[in-house]
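Letters A, B, ... mirror the listed sequences (proteins, then strands); counts begin at 1.
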Number of protein chains: 2
Amino acid sequence: MALAHAIMTALIEDDLSGYELSRDFTTSLGFFWNASHQQIYQELRKLSEKGWLNKREVSQSGKPNKIVYGLTAAGRDALSEWVFGTTRTQAAKDELLVKLYNLDVSNVAHITAEISERREGMMQLLYLYETIRRRHYAEPASLPARRKGVYLALAFGINQGEHFLSWCDQALELLSGMESVEK
Amino acid sequence: MALAHAIMTALIEDDLSGYELSRDFTTSLGFFWNASHQQIYQELRKLSEKGWLNKREVSQSGKPNKIVYGLTAAGRDALSEWVFGTTRTQAAKDELLVKLYNLDVSNVAHITAEISERREGMMQLLYLYETIRRRHYAEPASLPARRKGVYLALAFGINQGEHFLSWCDQALELLSGMESVEK
DNA sequence: ACATCTTATGCAAAAAAATGCATATTTATT
DNA sequence: AATAAATATGCATTTTTTTGCATAAGATGT
């Protein structure tokens, strides 16, 4: 019941089509909860059937028409209620860490490469985060309530990303020591 | 195909029963990949059918007998191969961050409480991590290959945990400002 | 006309994960 | 003898997620 609430959250301020949601889910809220377009369309159908979303077709020029979804009063109520429920803390599952339990002279080069790739990817993500922060969240204390929350999520991403970089450096250093021993 | 490899990873050095695996999955590898006992028993069955694990019943005194699983040669090969595959980077899905996008004067107290709870939980986890590090990983550079990997996973957990604490503090400060405005 | 790209929506099936239920052995306690 | 707790294993169902496939409108280029 989590994707449902992520989608409704994305619709708090703007009505969006499945396609637009799908695109937004590669940024913003999608940084913290993403889904494929197939999942999104399915969930939109379920939420409409439940009466939590309404839909209307919107004509577009130069593009195929789209179906735009918006929160109903019932949907808003359900979302507000959901916030008050308890969140089960789920350990972040990361295959890379499982792989580290398999570390070995035979695979150290591969694992090193994977960490480097991840580091590179995180650098790019952090650059994006920082751009967003500078442009939209320069003064968090003076933001309206909801935007403060969004800012904190962004700050979480930045914080975690920076930690990840420093961990990568630490890991790469220890692993490079291993490789030299191997030779 | 991820739990399968986590289970096989747990069996690299020791043969274990489903019950023991289930217990270990609340610590160690379980810090980074956990599963319920139901999932574990099912996966053990599948892996046995595939020929990646063998099983034998072990009599115990004072307890019911147990069924102990161990990696077969084929299982070891499959696991080694798996390490060389590419890991899809999955964004950590965290409901708390989705909730932050719903931040509002009506729920700021609840979200503040949830963050405090999480902070407390992380403090305890970090204490556990640090205990393990001090006891088993005091000198990472001199560890054998595989243990270095395990150490790096632990270091990841510690690093991430510490940054989570600092984020919580930042969040709680910003939120406390909100609450005073609300009054 | 034809191919290709972006926009746009969806079904169906398979795999993975979560949830609820069910059972059995042994020890310790009342 | 009955009850409870820890140890130990598993099935069945539902939910969630992933993957593969399929379609179509409109724009642009050849």
Verify whether one side chain among A/Asn159 and B/His163 offers a donor that lies under 3.5 Å from an acceptor in the other.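 Yes.
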
Examine the side chains of A/Asn54 and A/Thr72 and answer whether a donor and an acceptor come within less than 3.5 Å of each other. no

If I take atom [atom1] in residue [X] and atom [atom2] in nucleotide [N], what distance separates them, rounded to the nearest angstrom?
X       : N      : atom1 : atom2 : value
B/Lys46 : C/dA14 : NZ    : P     : 14 Å
A/Leu21 : C/dG10 : CG    : C1'   : 15 Å
B/Lys93 : C/dA16 : NZ    : P     : 16 Å
A/Lys55 : C/dA8  : NZ    : P     : 17 Å
B/Leu3  : C/dA18 : CG    : C1'   : 12 Å
A/Gln39 : D/dC21 : CD    : C1'   : 17 Å
A/Ile40 : C/dG10 : CD1   : C1'   : 13 Å
B/Ile7  : C/dA17 : CD1   : C1'   : 12 Å

Parallel, tilted or perpendicular: which one describes the rings of B/Tyr137 and B/Tyr151, with boundaries at 30° and 60°?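 Ring orientation of B/Tyr137 relative to B/Tyr151: tilted.
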
Are more than 12 heavy atoms from other residues, nucleotides or ligands located less than 6.0 Å from atom [atom1] of [X]?
X        : atom1 : value
A/Glu139 : CD    : no
B/Glu81  : CD    : no
B/Tyr127 : OH    : no

Within the pair B/Gln38 and C/dA18, is there a side-chain N or O less than 4.0 Å away from OP1 or OP2? no

Reckon A/Arg45 has a side-chain N or O less than 4.0 Å from the OP1 or OP2 of C/dC11?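 The answer is yes; a side-chain N or O of A/Arg45 sits under 4.0 Å from OP1 or OP2.
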
For the side chain of A/Gln42 and the base of C/dG10, is some donor closer than 3.5 Å to an acceptor across the two? no

B/Glu130/B/Arg133 salt bridge by N-O under 4.0 Å criterion: yes

Using a cut-off of under 3.5 Å, enumerate the N/O to N/O pairs linking the protein to nucleotides 4-9 of chain D.
unit_1, atom_1, unit_2, atom_2, d
D/dT7, OP2, B/Tyr19, OH, 3.4
D/dA8, OP1, B/Gln60, OE1, 3.1
D/dA8, OP1, B/Gln60, NE2, 2.3
D/dT9, OP1, B/Ile67, N, 2.6
D/dT9, OP1, B/Ile67, O, 3.4
D/dT9, OP2, B/Tyr19, N, 2.8
D/dT9, OP2, B/Tyr41, OH, 2.9
D/dT9, O5', B/Tyr41, OH, 3.4
D/dT9, O4, B/His37, NE2, 3.3

